[in-house]
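See structure below.
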There are 2 protein chains.
Amino acid sequence: MAHFNEEVACPMTATLEYIGGRWKCIILYYLTGTTRRFGEIAARIPVVSRKVLTQQLKEMERDGLIQRTEYKEVPPRVEYTLTELGKSLSPVLKAMSNWGREHVLK
Amino acid sequence: MAHFNEEVACPMTATLEYIGGRWKCIILYYLTGTTRRFGEIAARIPVVSRKVLTQQLKEMERDGLIQRTEYKEVPPRVEYTLTELGKSLSPVLKAMSNWGREHVLK
DNA sequence: AAAAGTGGTAACTAAAAAGTAACTAATGGC
DNA sequence: GCCATTAGTTACTTTTTAGTTACCACTTTT
């Protein structure tokens with residue numbers, strides 16, 4: 001996903017620059033209220049490869065939506081949490097999951 | 001975008017099956033409260049080719065989010081409107097645009 | 001008489017995204 | 001001594017997505 005490559009005046013486009021990635025909303029939704037390890041997130045979305053998952057996580061970390069904490073252990077342990085900016089997306093994520101529950105899943 | 005190819009229990013995934021496409025939210029947002037011609041939509045999102053725009057519109061029509069009305073004139077005229085299901089997405093679209101306005105655009 | 005205007009579609013090419021397999025480091029358990 | 005464990009990374013291949021160009025129909029305008 002191209003990113004910030006041109007100034008946007010459209011608030012919808014602006015939001016999509018952050019959460020438009022294929023798996024980002026699912027990851028953010030899964031992180032809501034908790035800290036998760038990389039392996040937990042990967043297990044939650046088995047359909048996506050670890051390479052792509054890593055990419056999406058990196059982009060969201062770069063964008064300030066999530067925080068990555070690496071513990072210097074072996075085997076490695078890495079935890080992901082929402083930042084304040086990430087938490088501020090909760091109305092969006094809630095509206096999305098509500099809509100799916102009410103209009104798709106019966 | 002693969003579609004309905006497996007049952008989803010996750011409401012977020014369910015929603016993304018409908019609006020996860022690259023331009024769908026922008027199109028739906030642009031259709032909110034009005035009817036638009038194909039050319040208007042294309043002019044609004046000049047960065048996307050007409051081929052891709054047509055694809056996204058077709059998918060959303062198939063999914064029942066928008067309605068396509070073709071007038072038998074020459075030159076052709078085609079209008080797009082939100083269906084009831086499409087209108088029901090307004091809390092999602094509003095939450096998204098609000099977030100962009102408040103957290104990205106200053 | 002020719003050109004413009006609209007909403008596409010089809011065929012082909014280019015670019016972007018994603019998948020896959022192999023590899024790493026240090027510790028604990030067998 | 002050897003294997004499993006975790007969170008990746010790298011290089012390479014395949015798949016998916018998107019762009020490009022040409023074309024159509026019929027009426028109105030130039």
Side-chain angles (χ1 to χ4, degrees), chain A residues 1-6 13 16-28 30-31 34-63 65-82, chain B residues 1-6 13 16-28 30-31 34-63 65-82:
Chain A
M1 161 144 340
H3 212 81
F4 308 126
N5 39 5
E6 45 195 287
T13 303
L16 288 170
E17 298 269 357
Y18 281 79
I19 62 170
R22 187 77 184 80
W23 309 103
K24 289 182 181 174
C25 285
I26 295 173
I27 296 167
L28 292 169
Y30 188 53
L31 286 179
T34 352
T35 288
R36 306 275 189 187
R37 296 184 60 169
F38 179 82
E40 291 182 279
I41 303 172
R44 176 65 208 277
I45 318 176
V47 76
V48 68
S49 71
R50 315 200 129 210
K51 191 193 78 172
V52 171
L53 183 57
T54 303
Q55 284 170 1
Q56 304 263 307
L57 288 167
K58 270 191 179 167
E59 286 182 14
M60 291 197 289
E61 190 196 1
R62 174 201 63 190
D63 293 344
L65 297 178
I66 62 177
Q67 200 199 345
R68 178 180 182 276
T69 309
E70 188 177 350
Y71 297 88
K72 288 289 179 189
E73 309 170 357
V74 170
R77 181 161 59 104
V78 175
E79 291 184 347
Y80 291 91
T81 330
L82 295 185
Chain B
M1 163 148 334
H3 213 83
F4 308 126
N5 40 6
E6 47 195 285
T13 303
L16 288 171
E17 297 269 357
Y18 281 78
I19 62 170
R22 187 77 185 80
W23 308 103
K24 289 183 181 174
C25 284
I26 294 173
I27 297 168
L28 293 169
Y30 188 53
L31 286 179
T34 352
T35 289
R36 304 276 188 187
R37 296 184 60 168
F38 178 82
E40 292 182 280
I41 303 171
R44 176 65 208 277
I45 318 175
V47 74
V48 68
S49 70
R50 316 200 128 210
K51 190 192 79 173
V52 171
L53 184 57
T54 302
Q55 284 169 2
Q56 305 263 308
L57 289 167
K58 270 191 178 167
E59 286 182 15
M60 290 196 289
E61 190 196 1
R62 174 200 65 193
D63 294 345
L65 296 178
I66 62 177
Q67 200 200 343
R68 179 181 182 276
T69 309
E70 188 177 348
Y71 296 89
K72 288 291 179 189
E73 308 170 356
V74 169
R77 180 161 60 104
V78 176
E79 292 183 347
Y80 291 91
T81 329
L82 294 185

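Just so it is clear: chains get the letters A, B, ... in the order the sequence lines come, proteins before strands, and each one is counted from 1.
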> Counting any heavy atom closer than 4.0 Å, what does Y80(A) reach on the DNA or RNA strands: base, sugar-phosphate only, or nothing?
Replying inline: sugar-phosphate
> Picking from dT9(C), dG19(C), dT27(C), which would you name as closest to the side chain of V52(A)?
Replying inline: dG19(C)
> So do Q67(A) and E61(A) actually touch side chain to side chain, heavy atoms under 4.5 Å?
Replying inline: no
> Tell me: CD of Q55(A) to P of dA17(C), nearest whole Å?
Replying inline: 9 Å
> Rounded to whole angstroms, how far apart are CD on Q56(A) and C1' on dA17(C)?
Replying inline: 10 Å
> Between R68(A) and dG8(D), does any side-chain N or O lie under 4.0 Å from OP1 or OP2?
Replying inline: yes
> If you look at every strand shown and take non-hydrogen atoms under 4.0 Å, does K72(A) touch a base, only sugar-phosphate, or nothing?
Replying inline: nothing
> Which of these passes side-chain contact (heavy atoms from CB on, under 4.5 Å) with I66(A): T81(A), L31(A), I27(A)?
Replying inline: L31(A)
> Which listed nucleotide (dG7(C), dA18(C), dT9(D)) is nearest to the side chain of T54(A)?
Replying inline: dT9(D)
> To the nearest 0.5 Å, what is the distance between CD (E17(A)) and CD (E59(A))?
Replying inline: 10.5 Å
> Given atom CD of E40(B) and atom C1' of dG5(C), what is their separation to the nearest angstrom?
Replying inline: 15 Å
> If only side-chain N and O atoms of K58(A) are considered, is one of them under 4.0 Å from the OP1 or OP2 phosphate oxygen of dT9(D)?
Replying inline: yes
>> Does the Lys NZ or Arg CZ of R36(B) fall within the cation-pi geometry relative to Y30(B) - under 6.0 Å from the ring centre and within 45° of the axis?
In response: yes
> Between dG8(D) atom P and Y71(A) atom OH, what is the distance in whole Å?
Replying inline: 13 Å
> Roughly how many Å is it from CD1 in I41(A) to P in dT6(D), rounded to a whole number?
Replying inline: 14 Å
> What's the CZ-C1' distance between R36(A) and dA7(D), to the nearest Å?
Replying inline: 18 Å
> Distance check: side-chain N/O of R37(B) vs OP1/OP2 of dG7(C), anything under 4.0 Å?
Replying inline: yes
> Do the side chains of V78(B) and Y71(B) get nearer than 4.5 Å, heavy atoms only?
Replying inline: no
> What is the distance from CG of L53(A) to P of dT20(C), rounded to the nearest Å?
Replying inline: 15 Å
> Among the nucleotides dA18(C), dG8(D), dG5(C), which one has an atom lying closest to any side-chain atom of R22(A)?
Replying inline: dA18(C)
> What's the CZ-C1' distance between R50(A) and dT6(D), to the nearest Å?
Replying inline: 8 Å
> Toward the 5' end of DNA chain C, which comes first, P75(A) or K51(A), by nearest nucleotide?
Replying inline: K51(A)
> Which listed nucleotide (dG7(C), dG19(D), dC26(D)) is nearest to the side chain of S49(B)?
Replying inline: dG19(D)
